[in-house]
Amino acid sequence: MNEDKNIGLFEFISSASDEGFRYVNYNTGYVIASKKFREMLGISDDDVGNDTKVLDAIYPDDREKFEDALQTAIGKQEQNFEVEYRVGDGTGWILHKSTNRYDKDGNIIERFCFLHDITEEKKKQADLEYVTYFDADTGVYNRNYFIKRLDKAIKKSEKPDFDKIQVMYIDIDNYSVVTDSVGFETGDELLINFAKLLTEYSSSKIKIGRFKNDEFAIAIYDAEKENEILDIYDDIKKKLETPFKLSDGNEVYISISVGITSYPKGGNNAGDLIKCADIAMYHVKKSGKNSMCVFEKSMLDDFIRHVKMENDLKVAVEKLDFVLNYQPQYYSEKKELRGVEALVRWKISEDEYINPGEFIPMAEKNGCIVNIGKWVIRQALDDFIDWKMNYGYNGMISINISAIQLKDEAFSNYILQCVEDRNVVPSDVEIEITESVLIENFEKTRQALAELRRYGFKIALDDFGTGYSSLSYLKNIPIDTLKIDKSFVDTMISDSSTGIITDALIKMVKRLGLETIAEGVETKEQYDYLKKMDCDNIQGFLLGRPMSSNDIKELITKLNESYK
Ligand code: C2E
Ligand code: CA
Ligand code: CA
């Protein structure tokens, strides 16, 4: 290149350029740099030709990177190379583009470089990275990044004599109850404070992640001893003995349920480790919360069984593999049928059945209960009308309804349509609901029940005595019948205070105009005792176990014969 001809041009570029620009001719020693170049690197006019000074202007951590890029370019005699590095205190970023010219021996004779300020772009990129890797509310790793990093640690780990990668899955107990009582915003603040508490354990080998709303995880990548993570758990527990002080003045105590596992005991990848820790955590939830549990293979078997059962249940709901049994309810005065209660069973083979206690809670959780419940209504009414038309039955039919079904606004229309289709009189149908249904959503439930009652259905409050058993709300809810739970019946004779309570309860309930049914009556002694206390109706193994529709037909026939 003809330098003389270009010098004017370089001077023009350097004075007019808003970019950092520098030209060096290593043969002649001619150097020119724009003002911006000097500003960007923070070097003086005199030093612009000094490559060492230029190198010194680069943030120390990035110097090697720059040197490497430069030497690689020179080694390959490449004309152009680009490198990004930080300057100053490390917050400013520069994109450095350089063009070198070499002589035939490979020595550099001249170099142009342009510096481009990319601080803003880098900031945006970092923000984006933050969003991709970190949880926006709490600043800990998000789920994906936690798993990615954990997988990386697993790949790097060697076969040690004990499990050095240890994982803990944390769930705050009753978080929804806490937010219900302090409000959502305060609930968020609580989560942020909790995450902060966890972050105190964060280090180069201990990482924190947030998985769901109130679910977090901690991983140790390189533990010094077996079960080191248990020390962290103990420490967190100790800290939770002090309440979180929130900005609205509330002091909130929380407890946590924790599942623990390690690599490779709990799996060969991060996903499996988390799953196993999660399963161990659920184990804690099931057995009363506020504790920790180390994952064991048997929990996985339980879990797999549970998942299989859940899948089987979905299939059963499609195929309607259920049967109804009916348990008689007798008037306590005369041994005459007051009604029968429909109790569902899941039929898994010709002579194998699963009891509702084992699958109804699962069906309530996954929503299957809605379709099961609809089938129960149809089947119970079909059987009922058959008994009535063909066997002279004149008792009632009681049907259990779950909270989930009652929440569905179309429910009352559904059951009304079902009775109308079969010419059943609604007052022959008693809907059994449990106390917990009421308490969960009092006003809405009250309205739903009032509507059903307007249509003529009878309402029974089931399992009375197992929940809150507040007598005060009995006045305010539209019910006709109260079912006294088996737990009262079981102890009313041996425990005199239960006896007194049961007696008082029956008297009070009757004064409110409600009918009473005692459940789970197994002995003649209990029967006599309840009769003496004026309990209206008796249900239990003593007088009849749940039985098939055909057995009910026989029973009705037999009873009708005996009245003649
Ligand atoms: P529940 O409504 O309290 O029903 C009474 C349960 O106690 C029945 O158990 C019955 O077999 C049992 N039982 C009755 N008398 C005695 C007795 O003298 N001694 C003993 N030890 N037990 C007695 P089952 O059939 O296993 O039902 C369990 C629960 O499942 C029911 O409790 C009810 O809450 C629920 N359930 C049953 N069928 C349905 C249904 O169709 N829909 C809904 N949502 N829940 C149902
Ligand atoms: Ca019931
Ligand atoms: Ca009951």
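All heavy atoms count here, side chains included; hydrogens, waters and symmetry mates do not. In what follows, residues are counted from 1 in the order of the sequence shown. When a ligand or atom number is given, it counts from 1 through the structure's own listing order.
- In the displayed structure, Met389 atom CE is contacted under 6.0 Å by at most 12 heavy atoms of other residues, nucleotides or ligands.
- Residues forming a side-chain contact (heavy atoms from CB on, under 4.5 Å) with Asn268 (at least two apart in sequence, or on another chain): Tyr263, Pro264.
- Ring geometry for Phe322 versus Phe359: interplanar angle of 30 to 60°, hence tilted.
- For the Ca ion (ligand 3), the neighbouring protein N/O/S atoms at less than 3.0 Å, given as residue and atom, are Asp462 OD1, Asp463 OD1, Glu519 OE1, Glu519 OE2.
- Here Arg453 pairs with Asp480 in a salt bridge; the nearest charged N to carboxylate O distance falls below 4.0 Å.
- Just one of Gln329, Lys458, Glu430 meets the side chain to side chain donor-acceptor pair (under 3.5 Å) condition when paired with Thr481; it is Glu430.
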Pairs under 3.5 Å, nitrogen or oxygen of ligand 1 with protein nitrogen or oxygen:
unit_1	atom_1	unit_2	atom_2	d
ligand 1	2 (O)	Glu341	OE2	3.1
ligand 1	2 (O)	Asn400	OD1	3.2
ligand 1	2 (O)	Asp462	OD2	3.0
ligand 1	3 (O)	Asp463	OD1	3.2
ligand 1	3 (O)	Glu519	OE2	3.3
ligand 1	15 (N)	Gln327	NE2	2.9
ligand 1	18 (O)	Phe541	N	2.8
ligand 1	19 (N)	Glu522	OE2	2.5
ligand 1	21 (N)	Glu522	OE2	3.0
ligand 1	25 (O)	Arg345	NH1	3.0
ligand 1	25 (O)	Arg345	NH2	2.9
ligand 1	38 (N)	Val344	N	3.1
ligand 1	42 (N)	Asn400	O	3.3

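- The pair Asp421-Arg378 does not meet the salt-bridge criterion, since no charged nitrogen lies less than 4.0 angstrom from a carboxylate oxygen.
- Side-chain contact annotation: Asn142 with Asn144, donor-acceptor N/O pair under 3.5 Å absent.
- A salt bridge is defined here as a Lys NZ or Arg NE, NH1 or NH2 lying under 4.0 Å from an Asp or Glu carboxylate O, and Lys237 with Asp234 fails to meet this definition.
- Between Asp503 and Lys507 a salt bridge is recorded (basic side-chain N to carboxylate O distance below 4.0 Å).
- Evaluation of the side-chain contact (heavy atoms from CB on, under 4.5 Å) rule for Asn311 yields Val307 as partners, not counting sequence neighbours.
- The OD1 atom of Asn400, the Ca ion (ligand 2) and the OE2 atom of Glu341 define an angle of 90° (nearest 10 degrees).
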